[in-house]
Amino acid sequence: MGVSGRVLVLGGTGEARRLAAALVADGVDVASSLAGRVTAPVLPAGEVRVGGFGGVDGLAAWLDARAVRAVVDATHPFAATMTASAAAATGAVGIPLLRLHRPGWVAQADDDWRWVDGLGEAADAVQGFGSVFLTTGRQGLGAFAGLTAHCLVRSVDPPSPPLPARTTIVLARGPFTVADELELLRRHAVEVVVTKDSGGAMTAAKLTAARELGLPVVLVRRPPLPPGVPTVATVDEALAWVHDAVGPRRA
Ligand code: NAP
């Protein structure tokens, strides 16, 4: 038998899509939510809604109106506002929340990784380099606008100004292979790579490529998680949690 009761997955990540697919396959009534930042997003299985909820109150009202019984926050590790809203709104409505948070990347012995606490610090950390690969995503690139280095920017949709004066834009969506990344780094004579500590396999090839070329990598540390929210690292753990929260797995 399938389980009744709606589960909301806050998405925008590969993990969220995999979780939604597994829940649909198990007969769970699931809705996925996307922010609507990307023009042509890869859609999860099952019902999908797109766009902000209107802050904590808007999300709480949505959860209440849809009789949502459990929420999995599977947003990107840097989607801190949505993660905080999910904690506050589920607390207000009195339903369980799980954070699905993929592990951050771990340096290997010879890696030259330079940790910073935000995009502004990342911009400071690349002063003096002649060619910089900015893979921090389309949002927040204004922090690098003052750079005089050549900047290679890769994003899914075109970034908006302000951008560094000498910018080359590459529009692409992961996953990327190490061979792709080596070719890109060599072609643009990249001297330093800037990335968020997004974690996961989809975009890790740039770290391997930087390692092979002996390039330094500036990594932006993750924002902290809201306290008191149970957290898992994998889709399988999240799936088990949902079944515990809303009912048995379909026979
Ligand atoms: P954010 O700063 O935490 O969220 C800003 C606002 O966008 C939220 O307050 C919410 O609006 C809306 N929002 C965010 N995620 C949403 C979702 N899944 N469903 C409905 N509304 C959502 O988020 P962000 O960093 O802009 O990320 C936006 C989306 O892109 C997320 O879904 C995230 O998983 C994905 N993403 C982010 C990054 C990144 O580097 N930040 C990278 C890859 C993918 P209201 O307050 O109106 O509800």
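All residue numbers in this chain count up from 1 along the given sequence. In each ligand, atom 1 is the first atom listed, and ligand 1 is the first ligand listed.
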Checklist entry - Does ligand 1 have any atom that is closer than 4.0 Å to a heavy atom of Leu59? => result no

Checklist entry - At the 4.0 Å heavy-atom cut-off, does Gly51 count as touching ligand 1? => result yes

Item to check | Closest protein heavy atom (residue, atom, distance) for atom 28 (C) of ligand 1 | outcome: Ala35 CB, 3.7 Å

Checklist outcome for this item: Residue, atom and distance of the protein heavy atom nearest atom 48 (O) of ligand 1 read Phe53 N, 2.7 Å

Checklist entry - ligand 1 versus Thr136, non-hydrogen atoms closer than 4.0 Å: side chain, backbone, both, neither? => result neither

Checklist outcome for this item: Contact region, Ala80 to ligand 1, non-hydrogen atoms below 4.0 Å, reads backbone

Going by heavy-atom distance to [atom], choose the closest among [options].
atom                    : options                      : value
atom 47 (O) of ligand 1 : Ala74, Gly54, Pro41          : Gly54
atom 2 (O) of ligand 1  : Val50, Val156, Thr81, Val220 : Thr81
atom 33 (C) of ligand 1 : His76, Lys196, Arg49, Arg138 : His76
atom 32 (O) of ligand 1 : Ser85, Gly11, Ala79          : Gly11
atom 15 (N) of ligand 1 : Met202, Glu15, Arg37, Met82  : Met82

With a cut-off of 4.0 Å, which atoms of ligand 1 are near a heavy atom of [X]?
X      : result
Phe78  : 25 (O), 40 (O), 41 (N)
Gly52  : 11 (O), 21 (N), 45 (P), 47 (O), 48 (O)
Gln139 : 26 (O)
Ser33  : 17 (C), 18 (N), 19 (N), 20 (C)
Gly55  : 45 (P), 46 (O), 47 (O), 48 (O)
Gly12  : 32 (O), 34 (O), 35 (C), 44 (C)

Checklist entry - Under 4.5 Å between any side-chain heavy atoms of Phe53 and Ser33, yes or no? => result yes

Checklist entry - Is the shortest heavy-atom distance from the side chain of Arg166 to the side chain of Cys151 under 4.5 Å? => result no

Checklist entry - What's the spacing between Ser160 OG and Arg138 CZ if we round to 0.5 Å? => result 6.0 Å

Checklist entry - Please walk me through it: do Val192 and Phe133 pass side chain to side chain contact (heavy atoms under 4.5 Å, CB included)? => result CA-CA 6 Å; Val192 61; Phe133 183 21; over 6 Å; no

Next on the checklist: Between the side chains of Arg186 and Glu181, is the shortest nitrogen-to-carboxylate-oxygen separation below 4.0 Å, so that they form an ion pair?
Outcome noted: no

Checklist entry - Does the side chain of Arg102 pick up a donor-acceptor pair with the side chain of Thr13 at under 3.5 Å? => result no

Next on the checklist: Can you see whether Thr234 engages Asp236 through a side-chain donor-acceptor pair at a distance of less than 3.5 angstrom?
Outcome noted: no

Checklist entry - Checking side chain to side chain contact (heavy atoms under 4.5 Å, CB included) for the pair Thr135/Thr203: CA distance, chi angles, key distance, verdict? => result CA-CA 9 Å; Thr135 65; Thr203 56; over 6 Å; no

Checklist entry - Taking the six-membered ring for Trp, are His76 and Phe78 parallel (under 30°), tilted (30 to 60°) or perpendicular (over 60°)? => result tilted

Checklist entry - Taking the six-membered ring for Trp, are His188 and His150 parallel (under 30°), tilted (30 to 60°) or perpendicular (over 60°)? => result parallel

Checklist outcome for this item: Heavy atoms of Leu10 and Ala86 approach each other most closely as CD1-CB, 3.6 Å

Checklist entry - With a 4.0 Å cut-off, strictly under, does atom 30 (O) of ligand 1 pick up any protein heavy atom? => result no

